[in-house]
Amino acid sequence: MTHYDKLAQQVMSRCDELGKISQSDENLDRRYLTPEHKQANQLVGEWMSQAGMKTLAR
């Protein structure tokens, strides 16, 4: 597996993880300022921190 294959696999895995954060079990429903919205933002913030990026904490 190449370096790019591993990165692509990580991207798809993270997309799947984000897709599970939803208000609905039937489809993706993540509305602005809901608990699911906050959860998704926190998860992405963790990934950004792991990559050496900074986020604005609120």
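Numbers here simply count residues along the sequence, with the first being 1.
Pairs of residues two or more places apart, or lying in two chains, that qualify as side chain to side chain donor-acceptor pair (under 3.5 Å) and include a residue from residues 3-13 are T2-D5.
Side-chain contact check for R31 versus H37: every heavy-atom pair is 4.5 Å or farther apart.
Of the possible polar contacts, none joining the T55 side chain to the M48 backbone as a donor-acceptor pair under 3.5 Å is found.
The minimum heavy-atom distance between R30 and L18, with the atom names listed, is NH2-O, 2.6 Å.
Of the residues listed (I21, D29, L28, N41), the one engaging E36 in a side chain to side chain contact (heavy atoms under 4.5 Å, CB included) is I21, and it is the only one.
Atom CG of N27 is surrounded by more than 12 heavy atoms from other residues, nucleotides or ligands within 6.0 Å.
Linking ILVMFWY residues whenever their side-chain heavy atoms come closer than 4.5 Å, directly or via other members, leaves M12 and L7 in distinct clusters.
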